[in-house]
Amino acid sequence: MDILKDLQDRGLIYQSTDLDLLRKRLGEGPITLYCGFDPTADSLHIGHLVTALTLRRFQLAGHHAIALVGGATGLIGDPSGRTSERTLNQKETVEEWVEKLKKQLSRFIDFDSSQNPARMVNNYDWTKSLDVISFLRDVGKNFSINNMLAKESVSSRLDKGISFTEFSYMILQSYDFFKLYELYGCELQLGGSDQWGNITAGTDLVRKMHNEKVTVHGLTLPLITKSDGTKFGKSASGAIWLDADKTSPYAFYQFLLNVDDNDVIKLLKVFTFLTIEEILELEQEVATAPEKRVAQRTLAEEVTRLVHGEEALQRAIHITNSLFHGEIRNLTGQEITEAFQDVPSTTLSDQQGSLVDALVQVGAAKSKREAREFISNGAITVNDVKVTHIATKLAELAPLDGKYLVIRRGKKKYYLCEVVA
RNA sequence: GGAGGGAUACCAAAGUGGCCAACUGGGGCGGACUGUAAAUCCGCUGGCAUCGCCUUCGUAGGUUCGAAUCCUACUCCCUCCA
């Protein structure tokens, strides 16, 4: 399989070093490649999936993938794409995040396969023991300040200011590439479009360290944008995380299910392993029967399964069905706790309390006034029954399984109240 | 250093003694329509409550029966001249 053609068909190639040379090299046999992930948060988000899955595409095509977590670079801070200096994170925090990222990456990249297992590395391992003198003599000598200043990540910060720490970032990342070439014969680095400067700095370093006799390659992937020009991956409530505790599988599934018709095909190409042919069929489906949203459903299922597993996917579908197409009343108490574990909930002790107070307590309304407004607007449904009387008491609402009140506000916001004696 | 202009609710922007909880636009939220869409239309958008009450218009005081509106001081921002 021609991996480069597949990536091109999917719109996944943005910038590259000599593409013909890379194609030639790939034709000669499996290549070792790497992509780095810096621990800047306790979880990856949906944007990281683009590069992580591309790494997997290479692995599936028989190439040797290395996933690097930036235990060292995460302590320094990449200036790329940032308009201001980062605040340094605590060492312990970064260590913790490294572990979390490692765990997440193993969901998409196969480190245990018997034929072609991928490798996980942490650049802290070879950076921690680097002493200043050898770093400056052996590595630093290969970097020209003039060149470094010209890089977008640095030049864009010269007016606003940049610390020496962040300025040096690209040297560390370049050293990673060099180190991986030495250790594992790694010849290709993948990254997001903002990584171009760091990647070329790396290919340059490897070449210089070998007296211009070695060529390694770099590839960047495009930033995924929506048809309205904005960045993909942000919901009203913030980033879409891969950590189930930060973005529930249900919310994750819903996010993808709700993508615009104009974006869904592009996203299928980027985020799924469906063949281009299969995706083109779905494109037809969008054109002829958009209301069925087959493409969106496919996208949501494929990616949720990939990130959270089959079981979580089924749960997300089940919740979706009962919330949007089924009857909540049909659910058992156990199913309710399961279905609404991702939804804001609260426990009410006063069965004689008013619905208005309950709405405020569960967070469905910011104030009693707003709660009353929602009720009189017909925005509030409790256990499938629309409530329109402001003075409604909890006791009148017939809890499911004797204790659950499933409150819906508007069309798709849910809250769960458990009433205890 | 000198001269002038401004600070209003999430943002923008009216209001210049009582009719102001404060025009209007955007955003947000809710409703109708729909495909859990887009577009469109309608409503709400300080808090508590049974008429009504309480807290808000940069900060702190003052004048007045009554102030976002007038006066004083302070803080911050902008423009122009040096």
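Keep in mind that what you see is a predicted model, and the values were worked out from it rather than measured. Every chain is numbered from 1 and lettered A, B, ... according to where its sequence line falls, protein lines coming before strand lines.
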If we take the [atom1] atom in both [N] and [M], what is their distance in whole Å?
N: C23(B); M: U8(B); atom1: C1'; answer: 13 Å
N: C54(B); M: A68(B); atom1: P; answer: 14 Å
N: G43(B); M: G58(B); atom1: C1'; answer: 33 Å
N: A9(B); M: U24(B); atom1: C1'; answer: 14 Å
N: G5(B); M: C10(B); atom1: C1'; answer: 26 Å
N: U64(B); M: A82(B); atom1: P; answer: 46 Å
N: A73(B); M: A22(B); atom1: C1'; answer: 27 Å
N: C76(B); M: A37(B); atom1: C1'; answer: 46 Å

Query - Whether over 12 other heavy atoms sit under 6.0 Å from Tyr14(A) OH - result: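 No, not enclosed.
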**Report entry** Residue that, paired with Asn198(A), satisfies side-chain hydrogen bond (donor to acceptor under 3.5 Å, both in side chains) out of Ser80(A), Ser174(A), Ser153(A)
**Finding:** Ser80(A)
Requested in this report: Among Arg25(A), His217(A), His64(A), find the one that has a side-chain hydrogen bond (donor to acceptor under 3.5 Å, both in side chains) with Glu187(A).
Outcome: Arg25(A)
Query raised in the report: Would Tyr34(A) and Phe177(A) satisfy ring pair (Phe, Tyr, Trp, His ring centres under 6.0 Å), going step by step from the backbone distance to the final call?
Result: CA-CA 8 Å; Tyr34(A) 99 95; Phe177(A) 201 170; 5.6 Å; yes
Query raised in the report: Rounded to the Å, how far apart are Asn377(A) CG and C29(B) P?
Result: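 Going from Asn377(A) (CG) to C29(B) (P), I get 14 Å.
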**Report entry** Separation of atom CD1 in Ile375(A) from atom C1' in G30(B), rounded to whole Å
**Finding:** 13 Å
Query raised in the report: Is a salt bridge present between Arg369(A) and Glu373(A), judged by a nitrogen-to-oxygen distance below 4.0 Å?
Result: yes
Requested in this report: Run the salt-bridge test on Asp357(A) and Lys368(A) with the 4.0 Å N-O cut-off and return the result as yes or no.
Outcome: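 Salt bridge flag = yes for Lys368(A) with Asp357(A).
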**Report entry** Per-nucleotide protein contact string for nucleotides 34-40 of chain B, where B marks a base within reach and S marks sugar-phosphate only (heavy atoms under 4.0 Å, - for neither)
**Finding:** BBBS---
Requested in this report: Mark up nucleotides 45-57 of chain B, 5' to 3', with B wherever a protein heavy atom is under 4.0 angstrom from a base atom, S wherever such an atom reaches only the sugar-phosphate, and - elsewhere.
Outcome: S-SSB--------
**Report entry** Distance, nearest 0.5 Å, that separates OH of Tyr175(A) from OG of Ser168(A)
**Finding:**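 Between atom OH of Tyr175(A) and atom OG of Ser168(A) there are 15.0 Å.
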**Report entry** Output field: ring centroids Phe232(A)/Phe271(A) closer than 6.0 Å
**Finding:**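 Yes, the ring centres sit under 6.0 Å apart.
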Requested in this report: Please state whether the phosphate of C29(B), meaning OP1 or OP2, lies under 4.0 angstrom from any side-chain nitrogen or oxygen of Arg409(A).
Outcome: no
Query raised in the report: According to a 3.5 Å limit on both distances, what stems of 3 or more consecutive Watson-Crick or G-U pairs are formed with RNA chain B?
Result: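 The stems are B:1-7 with B:75-81, B:10-12 with B:24-26, B:27-32 with B:40-45, B:46-48 with B:52-54, B:58-62 with B:70-74.
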Query raised in the report: What's the verdict on side-chain contact (heavy atoms from CB on, under 4.5 Å) for Val69(A) and Asn123(A), showing C-alpha distance, side-chain angles and the deciding distance?
Result: CA-CA 7 Å; Val69(A) 287; Asn123(A) 58 15; over 6 Å; no
Query - Stacked cation flag Arg409(A) on Tyr415(A), 6.0 angstrom / 45 deg - result: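 The answer is no, since Arg409(A) fails at least one limit relative to Tyr415(A).
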Requested in this report: Just say parallel, tilted or perpendicular for the rings of Tyr414(A) and Phe324(A), cut-offs at 30° and 60°.
Outcome: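 Rings of Tyr414(A) and Phe324(A): perpendicular, as their planes differ by over 60°.
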